[in-house]
Amino acid sequence: MFGIPGKQAVSMTPTAATQIAKLMGRDGHQGLRIGVKKGGCAGMEYTMEYVTEVDPHDEVVEQDGARVMIAPMAQMFLFGSEIDYQTSLLESGFVFNNPNVTEACGCGESIKFEGM
């Protein structure tokens, strides 16, 4: 993992940790795996999926009863990110505050990293 000893790869706001812990309580999920894939108008998109088994190659971050796994190919892109959960009048969902992003599309659904 691309990390600093003693520092978690990603952090979660209390709101995000509460929402992830709630999702984990359903159907025996072990947590949420986050990653990135090619797509969208800026080149990359975040992915999230329920996990029933922890992959030994995933980076595991636990906070306040929530567990997030970072897919191996996404670890260098997500290091230092903060996961938040925001609710507005029209929508609610997870938001990534990622210091590694150099560009994002207008709708915020796709991102670009340096050199990509």
query = Got a second to check how far Glu59's CD is from Leu78's CG, nearest 0.5 Å?
reply = 11.0 Å
Please name the pair of heavy atoms, one in [X] and one in [Y], separated by the smallest distance, quoted to 0.1 Å.
X     : Y     : result
Pro99 : Gly80 : CD-O, 3.5 Å
Leu32 : Met48 : CD1-CE, 3.6 Å
Met12 : Val68 : SD-CG2, 3.8 Å
Leu23 : His29 : O-CD2, 3.5 Å
Asp58 : Gln75 : C-NE2, 4.0 Å
Met69 : Val60 : CG-CG2, 3.9 Å

task = Mind jotting down which residue pairs meet the side chain to side chain donor-acceptor pair (under 3.5 Å) criterion with at least one end in residues 13-22? Sequence neighbours excluded, please.
result =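 Sorted pair list: Thr13-Asp84.
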inquiry  = Starting from Leu90 and following side-chain heavy-atom contacts under 4.5 Å between hydrophobic residues (I, L, V, M, F, W, Y), which residues can be reached?
reply    = none
query = Members other than Met73 in its cluster, when Ile, Leu, Val, Met, Phe, Trp, Tyr link by side-chain heavy atoms under 4.5 Å?
reply =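 Joined to Met73, directly or through intermediates: none.
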task = Consider only side-chain heavy atoms of I, L, V, M, F, W and Y, link residues closer than 4.5 Å, and tell whether Val61 and Met76 are in one cluster.
result = yes
key: Cluster overlap Tyr50 with Ile83, hydrophobic side-chain contacts below 4.5 Å   = yes
query = Is the backbone N or O of Asn97 less than 3.5 Å from a side-chain atom of Glu82, with the two atoms forming a donor-acceptor pair by type?
reply = no
request  = Not counting sequence neighbours, which residues clear side-chain contact (heavy atoms from CB on, under 4.5 Å) with Met24? List them please.
outcome  = Ile20, Arg67
task = Check side-chain contact (heavy atoms from CB on, under 4.5 Å) between Thr87 and all other residues, then give those that pass, not counting sequence neighbours.
result = Tyr85, Ser92
task = Dump the intermediate steps for side chain to side chain contact (heavy atoms under 4.5 Å, CB included) on Glu53 and Gln30, then the final yes or no.
result = CA-CA 6 Å; Glu53 275 188 36; Gln30 295 294 310; 5.9 Å; no
ask   = Under the side chain to side chain contact (heavy atoms under 4.5 Å, CB included) criterion, do Arg33 and Ile70 qualify, and how do the steps go?
value = CA-CA 6 Å; Arg33 179 177 291 119; Ile70 306 170; over 6 Å; no
inquiry  = Under the side-chain contact (heavy atoms from CB on, under 4.5 Å) test against Tyr46, which residue among Phe77, Phe94, Phe96 passes?
reply    = Phe96
With sequence neighbours excluded, residues passing ring pair (Phe, Tyr, Trp, His ring centres under 6.0 Å) with His57 =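 For His57, no residue satisfies ring pair (Phe, Tyr, Trp, His ring centres under 6.0 Å) once neighbours in sequence are set aside.
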